[in-house]
Asker: 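Pasting a structure below so you can have a look.
Predicted, not measured: the structure shown is a model, and the values here were computed from it.
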Amino acid sequence: MTTTSPRAVRFVEMTSGAMSALLADDRAAAQAELGFVLGDEFLTDRAKWLWQYRLDQLARDPSAFGWLVKLVVADGIVVGYAGFHGPPDENGMVEIGYTVDPPFRRQGFAKAIVAALLERAAAQPDVRTVRATISPTNEASLATIAGFGFVANGEQWDDEDGLELIFDRPSR
């Protein structure tokens with residue numbers, strides 16, 4: 001079962017140049033490259049950790065580019081960023097990740113993002129499973145994935161995020 005959302009979002013590729021500019025606190029250069037205004041969330045320590053992690057990932061595997069972080073745009077405004085942690089693994093699993101910029105939270109964007117990520121995964125024949133890993137204390141994200149058919153599948157320890165609950169669902 002998929003939850004529908006009244007929000008419409010689209011994804012725009014986040015370029016290596018824009019991630020590098022954000023790492024250097026050059027929001028103006030990142031905005032010029034992407035053609036969108038970026039909120040403060042894009043310059044947080046957590047976001048900068050992600051930009052560096054994704055740049056390192058792309059250096060190791062340039063073919064991962066289309067799977068990684070994207071801007072989330074609604075009505076021409078960037079409301080966050082989202083994507084997959086990488087291309088499908090050997091078992092056809094992809095893991096989703098998303099962040100909604102604080103001024104746009106609690107407005108249905110997270111559910112719209114999850115729906116769009118699931119739609120993208122379902123369109124890829126080599127993707128069989130979609131995973132979400134969420135801190136047990138992140139009630140907003142736990143509520144966001146409810147209704148999308150995710151099933152609890154254990155837990156894991158993440159060096160960056162701590163304890164995470166693992167949720168999986170078929171891609172189609």
Asker: Just by distance, with hydrogens left out, do Gln57 and Arg54 show a side-chain donor and acceptor under 3.5 Å apart?
Answerer: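 Looking only at side-chain atoms, Arg54 and Gln57 do form a donor-acceptor pair, the distance falling under 3.5 Å.
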Asker: Which heavy atom in Ala74 sits nearest to a heavy atom in Val79, and how many Å separate them?
Answerer: CB-CG1, 4.2 Å
Asker: Count the heavy atoms belonging to other residues, nucleotides or ligands that lie under 6.0 Å from CG of Asn138, then report whether that count exceeds 12.
Answerer: yes
Asker: Report the residues that fulfil salt bridge (charged side-chain N to carboxylate O under 4.0 Å, His left out) with Asp61, sequence neighbours left out, ordered by chain and then residue number.
Answerer: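 Partners of Asp61 under the salt bridge (charged side-chain N to carboxylate O under 4.0 Å, His left out) test: none.
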Asker: Going from CG on Asp25 to CG on Leu43, what distance comes out if it is rounded to the nearest 0.5 angstrom?
Answerer: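 One finds 6.0 Å between CG of Asp25 and CG of Leu43.
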Asker: Side chains of Ile96 and Val114: closer than 4.5 Å at any heavy-atom pair?
Answerer: yes
Asker: Do Phe150 and Leu118 touch side chain to side chain, with heavy atoms closer than 4.5 Å?
Answerer: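 Yes, close enough: below the 4.5 Å cut-off.
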Asker: With a 3.5 Å distance limit and no angle check, can you tell me whether Arg131 reaches the backbone of Asp168 through a side-chain donor-acceptor pair?
Answerer: no
Asker: When rounded to the nearest 0.5 angstrom, what distance separates CG in Leu165 from OG in Ser141?
Answerer: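 Spacing of CG (Leu165) from OG (Ser141) equals 11.0 Å.
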Asker: Any side-chain to backbone donor/acceptor pair from Arg7 onto Gln107? Under 3.5 Å, distance only.
Answerer: yes
Asker: Taking Arg128 for the side chain and Pro88 for the main chain, is one N or O donor matched with an acceptor at less than 3.5 Å?
Answerer: no
Asker: Can you confirm whether Ile145 sits close enough to Ile134 that some side-chain heavy atom of one is under 4.5 Å from a side-chain heavy atom of the other?
Answerer: yes
Asker: Can you see which heavy atom on Leu142 is nearest to which on Ser135, and at what distance?
Answerer: CD1-O, 4.1 Å
Asker: Does the side chain of Ile77 come within less than 4.5 Å of Phe104's, by heavy atoms?
Answerer: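 Side-chain contact under 4.5 Å: yes.
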Asker: Are Val127 and Ile113 connected in a single hydrophobic cluster, I mean Ile/Leu/Val/Met/Phe/Trp/Tyr linked by side-chain heavy atoms less than 4.5 Å apart?
Answerer: yes
Asker: Regarding Gln124 and Ser171, do their side chains bring together a donor and an acceptor under 3.5 Å, going by distance alone?
Answerer: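 No, because no side-chain N or O of Gln124 sits under 3.5 Å from a partner of the opposite role on Ser171.
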Asker: Should we count CG of Asp56 as having more than 12 external heavy atoms under 6.0 Å?
Answerer: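 Yes - once you tally the heavy atoms of other residues, nucleotides and ligands closer than 6.0 Å, there are more than 12.
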Asker: Determine the minimum heavy-atom distance between Lys70 and Phe65, stating which atoms define it.
Answerer: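 Closest heavy-atom pair between Lys70 and Phe65: NZ-O, 4.5 Å.
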Asker: Answer yes or no: does atom OH of Tyr53 have more than 12 heavy-atom neighbours from other residues, nucleotides or ligands under 6.0 Å?
Answerer: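 No, the 6.0 Å shell around OH holds no more than 12 heavy atoms from other groups.
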Asker: Transitively linked via ILVMFWY side-chain contacts under 4.5 Å: Leu117 with Val69?
Answerer: no
Asker: For the atom pair OG1 (Thr144) and CZ (Arg105), what is the distance rounded to the nearest 0.5 Å?
Answerer: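 Separation between the atoms: 10.5 Å.
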Asker: Is the count of non-hydrogen atoms from other residues, nucleotides or ligands lying under 6.0 Å from Asp75 atom CG greater than 12?
Answerer: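 Atom CG in Asp75 is not packed in, count stays at 12 or less.
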Asker: Show your working on side-chain contact (heavy atoms from CB on, under 4.5 Å) between Asp101 and Phe109 and close with a plain yes or no.
Answerer: CA-CA 10 Å; Asp101 205 0; Phe109 289 114; over 6 Å; no
Asker: Heavy-atom distance under 4.5 Å between the side chains of Ile166 and Thr133, does that happen here?
Answerer: yes
Asker: Which heavy-atom pair separates Arg172 from Ala121 by the least distance, and what is that distance?
Answerer: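 Closest pair (atom of Arg172, atom of Ala121, distance): NH1-O, 3.8 Å.
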Asker: Grouping I, L, V, M, F, W and Y whenever their side-chain heavy atoms are under 4.5 Å apart, do Phe167 and Leu163 come out in a common cluster?
Answerer: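 In one cluster with Phe167: Leu163, no.
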Asker: Check whether Phe84 and Val73 end up in the same hydrophobic cluster, where Ile, Leu, Val, Met, Phe, Trp and Tyr are linked by side-chain heavy atoms less than 4.5 Å apart.
Answerer: no
Asker: Going by salt bridge (charged side-chain N to carboxylate O under 4.0 Å, His left out), name the residues that satisfy it together with Asp161, two or more places apart in sequence or in a different chain.
Answerer: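 Counting only residues at least two positions away or on another chain, Asp161 forms a salt bridge (charged side-chain N to carboxylate O under 4.0 Å, His left out) with Arg46.
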Asker: Looking only at heavy atoms, which two atoms of Ala146 and Lys111 are closest? And how far apart?
Answerer: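 So the minimum-distance heavy-atom pair works out to O-NZ, 4.5 Å.
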Asker: What verdict does the side-chain contact (heavy atoms from CB on, under 4.5 Å) test give for Leu34 and Val78, after you've listed the backbone C-alpha separation in whole Å, the side-chain angles of each residue and the deciding distance to 0.1 Å?
Answerer: CA-CA 11 Å; Leu34 296 169; Val78 175; over 6 Å; no
Asker: Between Trp67 and Arg120, is there a side-chain heavy-atom distance shorter than 4.5 Å?
Answerer: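 Side chain of Arg120 against side chain of Trp67, heavy atoms only: contact under 4.5 Å found.
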Asker: With distance as the sole test, does Trp51 use its side chain to make a donor-acceptor pair with the main-chain N or O of Phe42 at under 3.5 Å?
Answerer: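 Indeed, once roles are kept as given, a pair shorter than 3.5 Å links the two residues.
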Asker: If you define the side chain from C-beta out and look only at heavy atoms, does anything of Asn91 sit under 4.5 Å from Thr129?
Answerer: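 With C-beta onward as the side chain, the pair stays apart.
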Asker: Going through the checks in order, is the side-chain contact (heavy atoms from CB on, under 4.5 Å) test met by Val100 and Arg106?
Answerer: CA-CA 9 Å; Val100 176; Arg106 303 193 62 78; over 6 Å; no
Asker: Where is the tightest heavy-atom contact between Ala18 and Ala30, given as atom of each residue plus distance?
Answerer: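 Heavy atoms only, the tightest pair is O-CB, 3.7 Å.
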Asker: Do Val12 and Phe36 make a side-chain contact, defined as non-hydrogen atoms from C-beta onward lying under 4.5 Å apart?
Answerer: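 Yes, side chains in contact.
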Asker: So does Leu38 get a backbone contact from the side chain of Gln31, meaning a donor-acceptor N/O pair under 3.5 Å?
Answerer: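 Yes, Gln31 side chain to Leu38 backbone: donor-acceptor pair under 3.5 Å.
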Asker: Can you get from Leu58 to Phe11 by hopping between Ile, Leu, Val, Met, Phe, Trp and Tyr side chains that sit under 4.5 Å apart?
Answerer: no
Asker: More than 12 non-hydrogen atoms from neighbouring residues, nucleotides or ligands closer than 6.0 Å to CD on Gln52, yes or no?
Answerer: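 Enclosed: over 12 neighbouring heavy atoms sit under 6.0 Å from CD of Gln52.
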